[in-house]
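Sequence lines set the chain letters: A, B, ... in the order given, protein chains first and strands last, and positions in each chain run from 1. Remember, it's a predicted structure, so these values are computed and weren't measured experimentally. Worth knowing before you read on, the calculation uses all heavy atoms, side chains too, and leaves out hydrogens, waters and symmetry mates.
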Amino acid sequence: MASVKVVVDPITRIEGHLRIEVQADNGKIANAWASATQFRGIELVMQGRDPRDAWAFTQRICGVCTAVHAIASCRAVEDALGITIPANANIIRNLVHGMQYVQDHVIHFYHLHALDWVDVVSALKADPAAAARLAQSLSPWPNNGEAQLRDVQQRVSKFVASGQLGIFTNGYWGHPAYKLPPEVNLLAVSHYLEALDWQRDVIRLHAIFGGKNPHPNFLVGGMASAINLESTATINAERLTDIADMIKRARRFVEEVYWPDLVAIAGFYKDWGAIGGGVPNFLACGEFPDADVRDLKSLYFPRGIILNRDLSTVHEYDHQKVTEEIHSSWYEYAEAGAALHPWKGETKPKYTGPQPPWSYLQDQQKYSWMKAPRYEGKPMQVGPLARMLVAYAAKHPDVQEMVNATLGTLKVPATALFSTLGRTAARGIETVLIARQMQHWFDQLVERIKNGDTATFTKDKWEPSSWPASAEGYGYLDAPRGALGHWVQISNGQVSRYQCVVPSTWNCSPRDAQGQMGPYESALTDAHPLVDPERPIEILRTIHSFDPCLACGVHVIDATGQTLSEVRIQ
Amino acid sequence: MYRPSAVPWSPGAPLGQHLEERGVSRRDFLTFCTEMCAVLGVAQTMIPRVAQALQDIRRPSVIWLQLQECTGCVESVLRTAEPTIGDLVLDVVSLDYNHTLMAGAGHAVEQALQDAMNANKGKYVLVVTGSVPLSEGGIYTMIGGRTAETILREAAAGAAAVVAVGACAHFGSVQSARPNPTGAVGVRDIVKDKPVLVVAGCPPIGDVVTASLVHYLTFGRLPEADSEGRPLFAYGKRIHDQCPRRAHFDAGQYVEVFDDEAARKGWCLYQVGCKGPATFSPCPIFQWNTRTSWPIGAGHPCIGCTERNFWDTMSPFYGRLPGVSGFGIEQKVDAIGAGLAAGALAGIAVHATATVYHQIKRRKATGELPEEASHG
Ligand code: SF4
């Protein structure tokens, strides 16, 4: 096969609008470009707002990662104003964020990623009895009986026969890259359906503490959901019992359905443990403080950096070393070619691409709304794999145990972690760990309430009259998709500058001035197959292994040209 | 919401037969119809007609465009409430295009879009989430090399009905807030030659989207709407007039600061910024996440997300209503609410809905709502 140009736009089963272009030679990808084709400009909208409102605006960056920007924003404002939230509020935020991880990762696996590995049509050929035997050898989950699986198969069969395939229209069914036996396909399809009901149930935790999901409510200084065991209008014993049950159901599904499925499916795709590794550097900002958010030692997932796949050293993460470049992005800087720390960040959108409708972007120097974040000039991967590698290298006992057991079960070498399969497996590993950790946070909360502490909010710095004339703060949060930072500057009671550096900006970054590719691009060109350019399923596998969230990734910084006060790095 | 491998609805088969095959009893089906009638504000005498109409409908094509947005609206519809038969009504449509869920990608799904539009020309329902950025020729949102505006105009041209879901499709939402960097507008600013139903909210409650589609499937037309395009069955009343905390408002019992004694008793949130008196929304009645709770129910003031330009007109979110820009300082909260009501409903014959009357009655009977809650 000669070199061909392949365009995949839209990339589906992600959040937002992503375009991938590649050049493929003889079944291998030789070159790749990742382009974000949407821009919203939310940080620009932040100018002049009440900083206590910032969480609501920035939360709307994304409705999939719906809690994460809100919490990062509250932390940034609380950091700026010197607010320490009550212990209960920190625990509630952990519970909310923890359930976000668990629910979001399961949805990602079944509804966004699975169809890259699971051939729905092949499930028709399965023997339900054999599928049930297989399922029961993997897990005690009660819904894996022969009758249930036969039922699912009949539904699929009628659906396919109907000729109206809906969301399955023009899928890549029968592609030779699908390797699962029909029985495993059937099992996965059955769990695809069960997961739809499950996710709706367990995320109700967000409604209890935040009133709704998507976009639950948060509060600078704590949480708005008061605790009072004697009232029907607050967090009370009935609510706590409901939450306890949700946590149990969440964990059970993860341990008995998601994780066994992931391991079983991975067993048929071990070759993907040597494909799509890409950028060898990993960044985790750390998450789930057990105590105050400033106490980094109390983080359940540690903070740190891995360079060149070297797990013998965890380097310290220092946010002052983060910069953003725009060599390939549709923006301009006052000083051309600059690499700016977020505190000095500028965003002046300047579209130089072809006028729509257009066919290709790969011959353009600038080809994306995404900026290129770099750490000491290096591109970095963020997300579950980065977190698990940092924790593994930092000798986190839970992570070491899970990672070693997984490598042993799959009989793959540790190098398989640095791959498309590694990213997907790491997501499953951390989901198991967080699903277990939820119980710990819940027990903490109940224990505190038992001891008479029901405080959820610190009112000392609520009134703007108690604020300094100017202040700035940094809020970090390691979100399901990776390291997130919010930076806020406040003057005279208003937001004067607001900045986010977001997981998908790291991962979907375009090339920098040195020609270094971002993680998506680099992974797509790392020993990466593309057998049939008309049906680019391999591209979807690797891109989905990052769980892209494009609305999060594209952000705009202060574009007003205002003179802002000098920034103090804390 | 969309569960494709649930017993599929064969082409040409009426819904009644399909439900039977799925093991839904006649009784369950009628219960569902009764609930839907209550939700939609349709008289009880209409139930047999609704049931008949629903039974006879054929699986229609739904094309769902996601433009400049955050995917929160799709997520909200994924959380639609029990009864699961409510989900069923969504899943029995043929969802022929939706980025979040589709198996294929790139030109395979763009082809599916073209095929669905051609095969169902004049008959499909177009659901739109996201705004349309108009600045600089539309380059702020492009899919497959084309602008959001081009894609929307093309899809709207062949649609039987257009449903704009969420605040972005309503008026542009957060990206259209001051200074609106990308020139974002809502669907009704682009599609002017046919009625566009607006399911407002950031995001809207998934069940309101479901109920709107049920209405369309049942009656063959979109439900009656206010001047914003919002269906009256859901947005006909202010939150303040349906709020379980209203008795505390009337009694002057206010939360003064979060987590004070009043907050721990569930008193009124007006003083900490509640925009319920100026917001038309079904939150207190439908509630969120399979009726688990809702914003005020979880102690946070309403931020008014079903209202046009709420990011600018309702903020600061913790400021008391009279201080909100756009209102006179001296105006009393009820006057503001009434003024908004008159504005929103201007020119509309008031729809004779007993909106959610049955649910209110039920919830009052169980003590969930105080007596005042049904006054409109
Ligand atoms: S002001 Fe808000 S909390 Fe108080 S009664 Fe009205 S809607 Fe309810």
Side-chain angles (χ1 to χ4, degrees), chain A residues 8-12 15 17 37-42 44-45 50 52-53 56-57 60 62-64 66 115 155-156 158-159 162 164 166-171 189 193 196 200 204 207-208 210-215 217 219 224-226 228 231 233-234 351 356-359 456-457 459 540 551, chain B residues 3-8 10-11 68 70-72 75-76 79 94-96 98-99 101-106 108-109 111-112 136-137 139-147 174-175 177 181-182 203 257-259 263-266 288-290 292-295 297-300 303 315-318:
Chain A
V8 192
D9 180 6
I11 295 278
T12 48
E15 195 301 316
H17 302 305
T37 56
Q38 169 179 283
F39 171 88
R40 294 201 299 160
I42 291 173
L44 184 50
V45 166
D50 185 325
R52 296 169 298 180
D53 289 354
F57 284 81
R60 267 65 181 188
C62 186
V64 178
T66 178
L115 300 181
R155 294 173 184 174
V156 177
K158 279 197 81 174
F159 185 85
S162 84
Q164 275 184 292
I167 58 169
F168 295 112
T169 308
N170 295 355
V189 170
L193 299 176
L196 274 177
R200 188 174 51 204
R204 294 188 305 106
I208 290 177
K212 67 193 182 89
N213 170 286
H215 297 335
N217 289 312
L219 186 66
S225 50
N228 178 1
S231 169
T234 52
Y351 182 75
W358 37 258
S359 303
T456 55
F457 172 74
K459 68 172 193 295
L540 294 183
Chain B
R3 289 185 292 157
S5 65
V7 173
S10 315
Q68 189 185 29
C70 81
T71 313
E75 290 277 343
S76 189
R79 318 264 193 274
S94 184
L95 184 57
D96 291 331
N98 173 287
H99 280 186
L101 295 173
M102 286 198 84
V109 296
Q111 191 59 47
E136 306 200 37
I139 46 88
Y140 291 113
T141 297
M142 295 171 291
I143 301 163
R146 304 193 304 153
T147 65
V174 63
Q175 55 271 14
T182 63
V257 65
F258 291 99
D259 204 26
R264 293 177 185 184
K265 288 183 186 149
W288 282 83
N289 302 90
T290 62
T292 299
S293 189
W294 65 298
H300 194 280
I303 65 170
S315 62
F317 294 131
Y318 301 98

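When the candidates A:Thr66, A:Leu115, A:Ile11, A:Ile208 are compared by the number of heavy-atom contacts under 4.5 Å with chain B, A:Ile208 comes out ahead. Per-residue counts of heavy-atom pairs under 4.5 Å with chain A were compared for B:Asp96, B:Thr182, B:Ile143, B:Val109; the largest is that of B:Ile143. Interface summary for chain A: among B:Pro203, B:Cys70, B:Gly72, the most heavy-atom pairs under 4.5 angstrom belong to B:Cys70. Between chain A and the residues B:Ser76, B:Ala103, B:Gly104, the largest count of heavy-atom pairs under 4.5 Å involves B:Ala103. Listed options B:Arg146, B:Lys265, B:Gln68 were ranked by heavy-atom pairs under 4.5 angstrom with chain A; first place goes to B:Gln68. Here B:Ile139 is the residue among B:Thr141, B:Ile139, B:Val174 with the most heavy-atom pairs under 4.5 Å with chain A. The candidate with the highest count of non-hydrogen atom pairs below 4.5 Å against chain B, out of A:Asp50, A:Asn217, A:Asn228, is A:Asn217. Of the listed residues B:Gly266, B:Gly299, B:Gly137, B:Gly144, the one with more heavy-atom pairs under 4.5 angstrom with chain A than any other is B:Gly144.
Here the closest non-hydrogen pair linking B:Ala263 and A:Thr234 is O-CG2, 3.7 Å. Scanning both residues, B:Ala112 and A:Thr169, for their nearest heavy atoms gives CB-CG2, 4.0 Å.
Shown here are the side chain to side chain contact (heavy atoms under 4.5 Å, CB included) partners of A:Ala224, two or more places apart in sequence or in another chain: A:Leu219, B:Phe258, B:His300. For A:His215, there are no ring pair (Phe, Tyr, Trp, His ring centres under 6.0 Å) partners at least two apart in sequence or on another chain.
Here the side chain of B:Asn289 pairs no donor or acceptor atom with the backbone of B:Thr292 at under 3.5 angstrom.
Remark: B:Asp259 does not engage A:Lys459 in a salt bridge, criterion side-chain N to carboxylate O under 4.0 Å.
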